[in-house]
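Heads up: the structure comes next, in structure tokens.
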Amino acid sequence: LKIKDGFVLTALGEEYVAVPVGERNAQFHGIVRLNDTGAFIWKALAENLNSEQITEKLLEEYEVDRQTAEKAVNRLIKKLKDNGLVEE
Amino acid sequence: LKTLIPADRVASSLCGTQKLKPGAKLRKSRFCVILSCEDGTLLYHTLTGELRLLMKDENLEQYHQELTDAWFFVPENWDEVRFARQIRSILAAVSMQGKEKTSFVILPTTDCNARCYYCFERGVTPVTMTPETARETAKYIAQNCGGKPVSVHWFGGEPLFNKTAIDIISAGLTEYGVDFHSRMTSNAFYLDEDTVRKAKNNWHLEQVQITLDGTEKIYNRVKAYQDVDKNPYQRVLQNVKFALDAGIRVILRLNMDASNADDLFNLVDEIGGRFHNHVGLSVIVVLLKEFAGKIHCFTSDQEAITRSDYLQKKISNYGLSYEEPMLSGRLAVNKCNADNDAAEVILPDGKIAKCEHINCSGTVGSIFSSERDENEIRSWKEPAHFSECGECALLPRCGVLKRCEWVENGCSMTMRYKSMRILEKQIYRAYQAESTKRR
């Protein structure tokens, strides 16, 4: 899984946003608003990690149990897939 | 509470609805401009671009939550400056389009027939565009505009000092099928009747900005033209008439400093007498201190502002004020050519720059090669940060750039004052347009 090219993730106030730039801007007209964890998962996806690897990374970074971490990763990946923002 | 202009779609989706921590103490946003009007109070947010009208029989308390959601009130410790800068940089990234270049400033020459003492190009070696470079310029534009309409700004030096280059470029663009229109910054000495005809038909000239420094005697002394002419002042005013009669818009720019301030009042009377309410003519006042710093300064910023305001009022009485564009909810992300990827400045030798004020050093490439200095291009886009920004309501709309010579001595009070007056005029215009619609 990988975040499609043409998105820039940047801090905005107390959260993060991922915005389409260049040609991607013509295809995707929205803005992805993310909290800390969401931005962490987004960055991991941009590095081409799979959901298991992301969950492991999340467990290293945050004090959270495996089930919650898995749930968070899968939920965000599903949302991103539903909106056509990731590619296999 | 009425919404007269909704928030910019992109800016408002970036800002979202404000989420507050429980118990957060609120204050008015620095970016909220409040003006009173016939119907009540106008609230304009310079970051979101939203304009609201609070009617006379309403009060802020009633709509506190709604206005907080829309960022008119923010938590006391909220770093709005950082937030606004983040929003601007995101908007700039989002607005980056394709690689087409659609806006060109072209300098047919850096030479000039006038010798104004305040000229920012003094000391610049005069270079004149050759016919070959002019042909290549037209070809370059045609190859890089992606078939989109192109806007050309003839600049200099005095662009009319090299009409041949303008002829060749315009003919070339027409031949290549480029849809273009142009404007010019000129002293108009050479804008005679034949040139006006050609400018209208072949150069697709829509607007010309001409500087006047005073009435006849002062103008002729300041301009100190190298050409032999009995009376350049009368000649230029006659040329203004030729341009107006041909349907070319004319902006007369009155450069003001302490030495000519009194005389400009007489000049406005003279212009008013000749061109009273003339459609297509507008007059603007520019305080020379704003960018020169080597001229006859006023004793204080306040004096400069007062004199300039008074002159502006006189201009307005003659129906010759420059009409600022309608207030748009959309936040402009480009300040000028320097931070606009679709814009380039073509110098007489074919080099490409990002700023037409050629004493700003640094070119980024050439029309003869596709190589570009990306570091240089990036450096032109760097925003300037001044201590005044932290308190300035205009910050989200400002975007002033670090390398801009206008701010080499910092952000002046006169600049901020002028920008705020322009914004206020735009807000009132939007309100009046809406009131007329409602009635």
Side-chain angles (χ1 to χ4, degrees), chain A residues 1-48 58 61-64 68 71-73 75-87, chain B residues 7-22 24 29-31 47-48 68-71 73-100 146 148 330-331 333-334 339-342 374 377-378 381 383 396:
Chain A
L1 275 180
K2 192 176 181 299
I3 295 285
K4 284 184 179 170
D5 288 338
F7 284 93
V8 170
L9 178 71
T10 180
L12 177 61
E14 287 167 355
E15 47 186 16
Y16 290 83
V17 289
V19 292
V21 293
E23 284 171 19
R24 182 66 62 196
N25 192 15
Q27 296 152 8
F28 181 78
H29 299 288
I31 286 160
V32 186
R33 201 172 275 285
L34 299 157
N35 60 14
D36 265 353
T37 325
F40 184 88
I41 299 170
W42 179 283
K43 283 179 201 163
L45 280 167
E47 287 170 25
N48 222 353
L58 207 59
E61 185 72 19
Y62 294 92
E63 277 182 32
V64 64
T68 311
K71 229 174 163 181
V73 171
R75 200 170 49 219
L76 183 59
I77 289 176
K78 183 177 181 313
K79 261 193 179 175
L80 297 175
K81 268 186 180 170
D82 290 348
N83 286 284
L85 301 178
V86 286
E87 56 197 4
Chain B
D8 170 43
R9 189 181 58 81
V10 186
S12 78
S13 50
L14 279 171
C15 294
T17 301
Q18 188 173 198
K19 292 175 203 123
L20 296 174
K21 286 184 181 143
S29 164
R30 284 194 183 96
F31 305 143
L47 178 60
T48 63
T68 303
D69 288 347
W71 300 87
F73 293 102
V74 293
E76 262 178 9
N77 57 357
W78 177 243
D79 187 349
E80 282 189 281
V81 173
R82 182 167 162 260
F83 188 61
R85 286 186 173 138
Q86 286 172 332
I87 295 269
R88 273 196 73 89
S89 67
I90 294 170
L91 284 174
V94 170
S95 69
M96 270 165 68
Q97 296 296 332
K99 287 179 178 165
E100 297 93 1
K148 290 186 175 171
R330 185 124 216 197
L331 206 61
V333 287
N334 297 123
D339 61 350
N340 181 358
D341 286 330
E374 294 300 332
I377 291 172
R378 254 193 307 278
K381 294 180 184 174

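Protein chains get the first letters and strands the later ones, always in sequence-line order, with residue 1 at the start of each.
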Do any N or O atoms from the side chain of A/T68 and from the backbone of A/V64 form a donor-acceptor pair under 3.5 angstrom?
-> no
Against chain B, label A/L12 side chain, backbone, both or neither, depending on which of its atoms sit under 4.5 Å from a heavy atom there.
-> both
Any Lys/Arg nitrogen of B/K148 or B/E100 sitting under 4.0 Å from an Asp/Glu carboxylate oxygen of the other?
-> yes
Going by the side chain to side chain donor-acceptor pair (under 3.5 Å) test, which pairs reach into residues 3-21 of chain A, not counting sequence neighbours?
-> A/E15-A/R33
Where does A/V8 contact chain B at under 4.5 Å (heavy atoms): side chain, backbone, both or neither?
-> neither
Contact part of B/R85 toward chain A, heavy-atom cut-off under 4.5 Å: side chain, backbone, both or neither?
-> neither
Listed by chain and number, what are the side-chain hydrogen bond (donor to acceptor under 3.5 Å, both in side chains) partners of A/R75, not counting sequence neighbours?
-> none
